[in-house]
Amino acid sequence: MISYGRQSISDEEVDAVTEVLRSDFLTQGPKVREFEQAIQSYTQANYTVALSSGTAALHVACGALGLAAGDRLWTCTNSFVASANCGIYWGAVVDLVDSDPHTRNMSLAHLEKKLGQAKAEGLLPKILVVVHFAGVPCDMVVIAKLAKEYHFKVIEDAAHAMGSRYGNHVVGCCKYSDITTFSFHPVKNMTCGEGGALCCNDGEVYQNAKRIMSHGIVREVSQLKDPTQAPWYYEQQTLGFNYRLTDIQAAIGIVQLRRLDDFIIRRRYLVERYQELLKGLPLGLPFEPEHVLTAWHIYVVETESLDVRDRLLEGLRRKDIIANIHYIPIHFQPFYQEQFGFSKGDYPTAEGYYSRALTLPLYPSLTDKEQDYVCRCIVELLCP
Ligand SMILES: *Cc1c(COP(=O)(O)O)cnc(C)c1O
């Protein structure tokens, strides 16, 4: 079976986990800090917090930026539901922006128009979550400019984009955003089993994130309401959660991060091959904007119609190739329709894209031969 994505685990990760299992700490030991420092030096951000999932990272990020009941959070409808759910956890109202037909990222034209309207109505968002879809970085310079003009905070949901770059900047450096979040789920560019992280450059945002991810508890003397207490003393100052990553997971992550650049080289090689092998077919192929380097988490093609897409998906399945669909627009989800009154037709670009999109297999251990087979099957199914 060839699936749309899978992890690459070597003996090195196995050995790293074994070492932790034989050590004194399964959690709250030295590996988590080592992992955080490795991410920090990779992304060049000032601060990094390792977390139990990408969803936890988004949840904590929203809280660390002060999102509260009644605030508004906007994100792109072409994303995983976690990009929007994170706002609702804090009682915020979620609104959505359509996608761009070329990059499949948030449409900046639609965003600008919507911000203008929202300003007139006094309904501007407090936080904008931008998603680097498939690993293709959003135009962060434009987004940062809009953030300044309309006074909102920016979270980069970089679940797809660990290792991507825009210009000379690694995604995660937070030059154009307040926080960047990552996911280390097994299908992503690197994995811990489950896991996530956030990066930021502001010390106060970092302290907020640390507090929220551990029960709202503060231990640092400088942060205490009563700093005269003994070394074992701590204070719960707000309501928080347990979003710790374990040392077992961090040990996997440390090795994976060392291998990340090789993974990306392989992903980019396979994407280049797909572009070559599939050109000339009635398929819309992804493209990489200028001045970015895409870590290509997924490879999504667009067929000419819903019927063709469904036939292709089914046909590939019969040949043991498990393609996938990214994403069902968030505003199609029953929960979002019931909660916020969205309906079909609200975001035509994302909807059209969704009806024709197909995610083909892409992962570092996919062999050239397997990729040739996938492409041969596509040619047979599209041009019988
Ligand atoms: C995977 C993913 C998440 C959630 O990450 P988890 O680690 O699975 O919680 C959030 N946003 C996007 C865009 C994702 O692809």
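Each residue takes its place number in the sequence, starting with 1. Hydrogens, waters and symmetry mates play no part in the numbers below; they use all other heavy atoms, side chains included. In listed order, ligands and their atoms are each counted from 1.
H59 and F241 have tilted rings, their planes meeting at an angle from 30° to 60° on a 0 to 90° scale.
The contact set between ligand 1 and S79, taken as ligand atoms under 4.0 Å from a residue heavy atom, comprises 13 (C). The atoms of ligand 1 that sit less than 4.0 Å from any heavy atom of A82 are 10 (C). Atom numbering of ligand 1 starts at 1 in the shown order; those under 4.0 Å from a heavy atom of S53 are 7 (O), 9 (O). Close contacts between ligand 1 and G54 involve ligand atoms 5 (O), 6 (P), 7 (O), 9 (O) [criterion: under 4.0 Å to a heavy atom]. Those atoms of ligand 1 with a heavy atom of Y327 less than 4.0 angstrom away are 15 (O).
For atom 2 (C) of ligand 1, the closest non-hydrogen atom on the protein side is K188 NZ, 2.5 Å. Atom 11 (N) of ligand 1 has D157 OD2, 2.7 Å as its closest protein atom, hydrogens excluded (heavy atom only).
Ligand 1 has an N or O atom lying under 3.5 Å from an N or O atom of T55, backbone or side chain. For ligand 1, the polar-atom distance check against H185 finds no nitrogen or oxygen pair separated by under 3.5 Å.
For the pair G196 and ligand 1, no heavy-atom separation below 4.0 Å is found. Contact annotation: F182 has no heavy atom less than 4.0 Å from any atom of ligand 1.
With F133 as reference, N105 is the one residue of D100, T103, N105 to meet the side chain to side chain contact (heavy atoms under 4.5 Å, CB included) rule. With P125 as the fixed residue, the side chain to side chain contact (heavy atoms under 4.5 Å, CB included) test singles out one of V94, L115, V97: L115.
The line from OH of Y299 to CG of L360 is 7.0 Å long, rounded to the nearest 0.5 Å.
Judged by distance alone, the side chains of Y336 and N85 do bring a donor and an acceptor atom under 3.5 Å apart. A donor and an acceptor atom, one from each side chain of T294 and E288, are located under 3.5 Å apart.
Cation-pi geometry between K344 and F332 is met: the NZ or CZ atom falls under 6.0 Å from the ring centre, inside 45° of the normal.
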**Study point:** Chi angles and distances behind the salt bridge (charged side-chain N to carboxylate O under 4.0 Å, His left out) call for D261, R165
**Key:** CA-CA 12 Å; D261 286 346; R165 289 161 187 269; 5.5 Å; no
